[in-house]
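Here's the structure, in structure tokens; my notes come after.
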Amino acid sequence: MAPLFFLADCNNFYVSCERVFNPSLEGRPVVVLSNNDGCVVARSEEVKALGIPMGAPVFKYRSLLKRHRVRIFSSNYTLYGDMSRRVMSILSRFTPDMEIYSIDEAFLSFPASVPSAPETLAKKMRETVWQWTGIPVSIGIAPTKTLAKAANRIAKSEPEHGGVFALIDPAGTDAWLERIRAGDVWGIGRRREALLKRHGIYTARQLKTVQDDWARRRLSITGLRTVWELRGVSCIPLEEAPPPRKGIISSRTFDRCVERLEALEEAVALYVTRAAEKLRQHHLLAACLQVFLATSPYRDGPRYVNSLTIPLPAPTAYTPFLVTSARRGLREIFRSGYPYKKAGVALLELTSERMRQVSLFPPDSRRDPARDDRLMKAMDAVNVRYGRDTLRVASSGITRPWRSHPSRLSPRYTTRWRDLPVVV
DNA sequence: TCTGGGGTCCTAGGACCC
DNA sequence: TCTGGGGTCCTAGGACCC
């Protein structure tokens, strides 16, 4: 008997996090915005009903948001990350076989023999998460991950099922797949949906019956897997241990255009600082650094997009060296006279710091890497204790006029003492 | 004039996910 | 005026090898 996949997915996760600590938001329209307060990235049901799509640019919907008195929040990733950890740790009590798929979703697998009534088990999971965190979760159950995703969609869209839905019996599954658009299937994005439409394929049910060689040719190997998974053949296994990370990116859109090289250099130095912090947090070293900059893809006028990949002489996590390399790279690709809207860096070719490759020809034999490590440890420790950027490289700027400031941030209720909610 | 076959590796770009 | 950020994987094409 094949195992069953459960997909537990938090409903409107960011909005739900805000509501846990601010019950006055219950039953009212709420959105959470992207990094620059530019786009809508989470919507309450009331907002979905207004027809505001995911990713909607705020400025285009300003009047609609205002008219319906939508409560607007900047994204508070510190809060969402902490709430996510709580939800995941509760889910993990139900099975050791769990894959955390994203900040608000986890796949869990059970041998088909174990849950005699999978829906009952799922309802128990749901109730526990709700009771212990206040976050509503929906759960889809099926013999493949792709079908579990589809089942989850049904659980969410049809509340009469109590937030849990199973697609287990193959005969019944087809009738449900008939009602799901092909573009809503996990793994079918905009481009593939358009291609499918051109071939008369509109529903998940139709997608399931395409010829294998056609799917392989037109949708690539990943698309063929999707088709098989819709048929109930599991092709995408549970990944319990997260695969090693391939890269760390840090980038930001500016809230207005930046033309000066000096400002871009500051921004890039800051992004490198953030990426290097993450690198050390994961006990990794980078052997390669990429720096990129771009004008706005939305504006008319001259466009310029470029990037440069710089191999580093030896794998490192030493911020000052990474900053110097990135700034040098930036100066190479910078062209004056363009209104830049975005810049960023990526750290690539990551290796474990325990496997440090010693160079036969160190770039600077007078430098002692052990000393650099100690300096970074000290800097990280100070910044953890006294707050981010207490110690930083001067090249990342002092006033940082190019930086955007989210204006509708909620308190960090669960991770900062002075933001702790008070019950009166 | 006529110019092989088989293989690996790297990169850029595309597509997808949340 | 104002449009997110951080990831992964796949494919095609070019460079290179013998």
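Lettering follows sequence order; numbering is per chain, from 1.
Here Phe334(A) and Tyr340(A) bring their ring centres to under 6.0 angstrom of each other.
At the heavy-atom level, Ile103(A) lies nowhere under 4.0 Å from the strands shown. Here Arg216(A) lies in heavy-atom contact (under 4.0 Å) with sugar-phosphate atoms only. Within the 4.0 angstrom heavy-atom criterion, no nucleotide atom of any strand lies near Thr309(A). Nucleic acid contact for Asp37(A): none, since no nucleic acid atom lies under 4.0 Å from a heavy atom of the residue. If you check every strand for non-hydrogen atoms under 4.0 Å, Val185(A) touches sugar and phosphate atoms only. Arg225(A) comes within 4.0 angstrom of sugar-phosphate atoms only, judged by non-hydrogen atoms across all strands, and of no base. When heavy atoms are screened at a 4.0 angstrom cut-off, Arg192(A) is found touching the sugar-phosphate backbone but no base atom. Residue contacts for Leu33(A): at a heavy-atom cut-off of 4.0 Å it reaches no nucleic acid atom on any strand shown. Across all strands, Gly247(A) comes closer than 4.0 Å only to sugar-phosphate atoms, never to a base (heavy-atom distances).
A donor-acceptor contact closer than 3.5 angstrom links the side chains of Thr319(A) and Arg280(A). Between Asn12(A) and Tyr14(A), the side chains place no donor N or O within less than 3.5 Å of an acceptor N or O (distance only, hydrogens not considered). With no hydrogens or angles considered, no side-chain donor-acceptor pair links Thr415(A) and Asp82(A) at under 3.5 Å. Looking only at atom types and distance, the side chain of Ser396(A) has a donor-acceptor partner in the side chain of Arg400(A) under 3.5 Å away.
Comparing dT11(C), dC18(B), dG5(C) by their closest approach to the side chain of Asn35(A) singles out dG5(C). Listed nucleotides dC18(B), dT3(C), dC2(C) differ in distance to Arg299(A); the shortest reach to its side chain belongs to dC2(C). Relative to the side chain of Cys39(A), the nucleotides dT3(C), dG6(C), dC17(B) differ in distance, and dT3(C) lies closest. Closest contact between the side chain of Arg252(A) and the listed nucleotides dG5(C), dG7(C), dT11(C) involves dG5(C). Comparing dT3(C), dG4(C), dT11(C) by their nearest atom to the side chain of Ser34(A) picks out dG4(C). Of the candidate nucleotides dC2(C), dT8(C), dC18(B), dT8(C) has the atom lying nearest to any side-chain atom of Arg245(A). Side chain of Ser220(A), nearest nucleotide from dT11(C), dC17(B), dG6(C): dT11(C). Distance from the side chain of Tyr101(A) is smallest to dC18(B) among dC10(C), dG6(C), dC18(B). The side chain of Val41(A) has dG4(C) as its nearest neighbour among dC18(B), dG6(C), dG4(C). Taking the side chain of Phe59(A) as heavy atoms from C-beta on, and the options dG6(C), dC18(B), dT3(C), the nearest nucleotide is dT3(C).
Put simply, CD on Glu349(A) is 11 Å from C1' on dC10(B), counting in whole angstrom units. What separates CG of Leu409(A) from C1' of dG4(C) is a distance of 15 Å, to the nearest Å. In this structure, OH of Tyr61(A) is placed 16 Å from C1' of dG4(C), rounded to the nearest angstrom. Taking atom CZ on Phe292(A) and atom C1' on dG7(C), their separation rounds to 12 Å, with Å as the unit. Computed from coordinates, the Ile333(A) CD1 to dA12(B) C1' distance equals 15 Å when rounded to whole Å. If you measure from atom CZ of Phe254(A) to atom C1' of dC2(C), you get 16 Å, rounded to the nearest angstrom. Spacing between atom CD of Gln290(A) and atom P of dA12(B) amounts to 8 Å, rounded to whole angstrom units. Distance, Tyr77(A) OH to dG5(C) P: 9 Å, rounded to whole Å.
Side-chain nitrogen and oxygen atoms of Ser251(A) include at least one within less than 4.0 Å of the OP1 or OP2 phosphate oxygen of dG6(C). Considering only side-chain N and O atoms, Thr253(A) lies under 4.0 angstrom from the phosphate OP1 or OP2 of dG5(C). At dC16(B), none of the side-chain N or O atoms of Arg191(A) fall inside 4.0 Å of OP1 or OP2 (strictly under the cut-off). At the phosphate of dT3(C), OP1 or OP2 sits under 4.0 Å from a side-chain N or O atom of Lys341(A). In this model, the phosphate group of dT3(C) is not approached by any side-chain N or O of Lys342(A) to a distance below 4.0 Å at OP1 or OP2. Applying the 4.0 Å criterion to OP1 and OP2 of dG7(C), one finds that Lys278(A) has a side-chain N or O inside that range. Distances shown here put a side-chain N or O of Lys246(A) below 4.0 Å from the OP1 or OP2 atom of dC9(C).
For Lys145(A) (side chain) and Pro237(A) (main-chain N/O), a donor-acceptor pair under 3.5 Å exists by modelled atom type.
Within the shown strands, dC16(B) is the pairing partner of dG7(C) under the Watson-Crick or G-U definition, both distances less than 3.5 Å.
The aromatic ring of Tyr298(A) sits over the base of dT3(C), with ring centres less than 5.5 Å apart and planes inclined by under 30°.
Distance noted for atom C1' between dG4(C) and dC17(B): 15 Å (whole Å).
The minimum heavy-atom distance linking Glu18(A) with Ser74(A) is given by the pair OE2-O, 4.4 Å. Across all non-hydrogen atoms, the minimal contact from Ala182(A) to Leu196(A) is CB-CD1, 4.0 Å.
Closest-nucleotide positions on DNA chain C for Arg62(A) and Glu239(A) were compared, and the one nearer the 5' end corresponds to Arg62(A).
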